[in-house]
Amino acid sequence: MTVVTRFAPSPTGFLHIGGARTALFNWLFARHHGGSARLRIEDTDRKRSTPEAIEAILAGLDWLGLDWDDEVVYQAERAERHAACAKSLLEQGRAYYCYCSPEELAEMRQAARAAGRARLYDGRWRDRDPAEAPAGVDPVIRLKAPLEGETTIEDLVQGEVTVANQQLDDMVLLRADGTPTYMLSVVVDDHDMAVTHVIRGDDHLTNAFRQTQLYRALDWATPAFAHIPLIHGPDGAKLSKRHGALGVEAYRDMGYLPEALNNYLLRLGWSHGDEEIISRDQAVQWFDLDAVGRGAARFDFAKLENLNGHYIREADDERLVALIHGPLESAAGHTLEPAELARLKAGMAGLKMRAKTLNDLAESAAFYVAKRPLSVTDKAAKLLDDEARARLAALAPRLAGAEPWREADLEALVRAFAEAEELKLGKVAQPLRAALTGSTASPSLFEVMEVLGREESMARIGDQLV
RNA sequence: GACCCCAUCGUCUAGAGGCCUAGGACAUCAGCCUUUCACGCUGAAGACACGGGUUCGACUCCCGUUGGGGUCACCA
């Protein structure tokens with residue numbers, strides 16, 4: 001049997017972090033088993049679905065590097081097929097028309113709640129003669145679900161889960177306006193798409209029972225279910241926006257790399273021994289449902305940051321320059337010239353070692369492309385007191401004549417100077433750093449000088465001597 | 001409230017009855033490296049929710065308690 005999975009978001013908002021992980025697991029499972037991963041947009045709720053949300057979801061998946069097989073299915077376009085299935089159930093006597101008004105339903109619900117009963121709808125139209133139907137009322141179609149016994153699902157993550165059929169009432173299949181409900185659409189689409197494994201959030205676990213009943217009524221085989229635990233906020237409560245329930249594009253904007261987010265999401269609720277840093281290829285090779293944990297996991301920005309730092313260090317210099325190009329231009333206030341871009345690339349090795357996010361990276365790279373005279377932070381300004389300026393003034397002429405202008409030679413020169421003046425290296429290096437970068441923290445000073453070049457370096461030092 | 005699910009360091013997790021003196025990672029703390037900040041390295045502190053069973057032996061199996069979560073729509 002060829003594995004077919006699907007990711008089925010409803011386009012009512014962006015692709016949030018939980019959805020991203022569900023998508024990742026579906027994709028990984030399909031790729032691992034050499035099957036296909038499908039994408040289905042569940043846009044049956046016309047009021048809440050928007051084209052913008054569809055775009056955002058597609059863009060988010062693309063950014064994460066998750067691609068899908070065959071064409072994307074839009075659920076709303078299949079409404080006729082869904083309705084036909086409900087009608088056929090009706091003809092077979094496995095479903096029935098229900099003429100209850102919203103008020104009646106509300107009463108029933110209230111009564112059931114008060115009595116502590118789980119079954120909200122009392123089935124009053126279940127065996128009633130349609131001839132008794134009130135005039136002028138459009139009925140809904142409900143499934144004639146089993147009254148007794150129990151329904152069991154074999155969940156690949158949660159194990160065997162059973163619920164008494166008394167807990168489940170006769171769900172609505174087709175609304176009064178003739179449109180299909182989510183329960184119906186999902187089952188019909190998963191069947192028609194030949195989905196073999198339904199991998200989705202744990203919040204759908206109870207839906208699996210109702211859907212199983214529907215599959216049976218339709219005489220279709222049920223797919224395998226895998227309900228993966230939800231992601232919680234740092235406080236253990238449901239993930240809120242404040243906690244990170246943001247769209248993946250928000251993570252992109254915060255300066256996270258897609259490979260870092262993928263790695264983080266993968267390890268959240270899934271593990272492979274002690275492995276922490278896992279490439280896409282390794283993930284495809286190793287991923288399976290049996291290693292998915294059963295408990296909800298808390299979202300931890302600190303670990304994501306650590307992973308992001310790792311992937312930034314591993315990233316190609318040119319790619320990083322491209323990624324910070326835009327933000328850097330708007331921060332610097334001028335269009336970056338080729339020479340400045342070259343400088344960034346040359347300095348990237350030292351910069352990326354120190355960044356946790358691309359935003360950090362852009363910020364720390366700003367001094368390379370800043371126009372003179374540099375703005376100097378308060379802390380750095382303190383390093384440039386009269387004494388320090390005097391030292392720089394003494395050092396400057398020697399630096400100006402340095403040959404060749406290379407990191408190692410520059411370091412040797414400055415060290416020799418400090419020794420001759422009987423100064424600790426820091427006494428010379430820190431003011432120099434302040435003059436060259438406007439800051440107290442930067443990559444190796446001598447690397448900075450080499451990247452900046454003789455002319456720019458001497459000019460920046462000169463700016464502080466006037 | 002009813003039903004269902006879950007439960008190992010602060011966090012993510014390893015652990016499929018003896019391999020556990022409970023391992024790894026992040027975070028924290030200390031030290032080393034060092035011109036700064038990082039990176040890196042070394043080390044420290046830190047957990048089996050509780051109570052009963054089962055067993056020669058339970059983190060591992062069963063039951064209960066507690067705690068957390070999910071679902072209860074003509075939303076998806």
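Below, chains carry the letters A, B, ... as their sequence lines are ordered, and counting in each starts from 1.
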Original post:
Does anything in residues 72-82 of chain A reach RNA chain B, meaning a heavy atom under 4.0 Å, and if so which residues?
Top reply: none

Original post:
When the C1' atoms of B:A22 and B:A14 are considered, how many whole Å apart are they?
Top reply: 10 Å

Original post:
A:Arg78: what forms a side chain to side chain donor-acceptor pair (under 3.5 Å) with it, not counting sequence neighbours?
Top reply: A:Asp189, A:Asp192

Subject >> Gap between atoms CG and C1', on A:Asp202 and B:C5 respectively (whole Å) >> reply: 6 Å

Original post:
Does A:Arg294 put a side-chain nitrogen or oxygen below 4.0 Å from OP1 or OP2 of B:C6?
Top reply: yes

Original post:
Can you tell me if A:Tyr264 uses its side chain to pair, donor with acceptor, with the backbone of A:Asp300 under 3.5 Å?
Top reply: yes

Subject >> With sequence neighbours excluded, residues passing side chain to side chain donor-acceptor pair (under 3.5 Å) with A:Tyr182 >> reply: A:His204

**OP:** For A:Glu276, report the nucleic acid contact type (base, sugar-phosphate, nothing); a contact means any heavy atom under 4.0 Å.
**Re:** base

**OP:** Just call it for A:Gly309: base, sugar-phosphate, or nothing, with non-hydrogen atoms closer than 4.0 Å on any strand.
**Re:** nothing

Subject >> Listed partners of A:Arg94 passing side chain to side chain donor-acceptor pair (under 3.5 Å), at least two apart >> reply: A:Asp219

Subject >> salt bridge (charged side-chain N to carboxylate O under 4.0 Å, His left out) contacts touching residues 138-154 of chain A (sequence neighbours left out) >> reply: A:Asp127-A:Lys144

**OP:** Mind listing the residues from residues 151-161 of chain A sitting with a heavy atom below 4.0 Å of RNA chain B? Number order is fine.
**Re:** A:Gln158, A:Val161

Subject >> C1' spacing across the pair B:U8 / B:G40, given as an integer number of angstrom >> reply: 30 Å

**OP:** Give the ring-plane orientation class for A:Tyr215 versus A:Phe225, where under 30° counts as parallel, over 60° as perpendicular and anything between as tilted.
**Re:** perpendicular

Review item, nucleotides 66-68 of chain B N/O atoms under 3.5 Å of protein N/O:
none

Original post:
When the P atoms of B:G51 and B:U60 are considered, how many whole Å apart are they?
Top reply: 12 Å

Original post:
In residues 353-366 of chain A, what residues come within less than 4.0 Å of RNA chain B, judged by heavy atoms?
Top reply: A:Met353, A:Arg354, A:Lys356

**OP:** Using the C1' atom on both, measure B:U66 against B:G52 and round to a whole Å.
**Re:** 14 Å

Subject >> Any pair counted as salt bridge (charged side-chain N to carboxylate O under 4.0 Å, His left out), so long as it reaches residues 351-365 of chain A, sequence neighbours left out >> reply: A:Asp317-A:Lys352

**OP:** Can you sort out the partners of A:Arg298 under side chain to side chain donor-acceptor pair (under 3.5 Å), two or more places apart, ordered by chain and number?
**Re:** none

Quick one: which protein N/O atoms are closer than 3.5 Å to N/O atoms of nucleotides 14-19 of chain B? Pair and distance per line, please.
from	atom 1	to	atom 2	distance (Å)
B:A14	OP1	A:Ser271	OG	3.0

**OP:** Hey, could you give me each pair passing salt bridge (charged side-chain N to carboxylate O under 4.0 Å, His left out) that has a residue in residues 420-448 of chain A? Not counting sequence neighbours.
**Re:** none

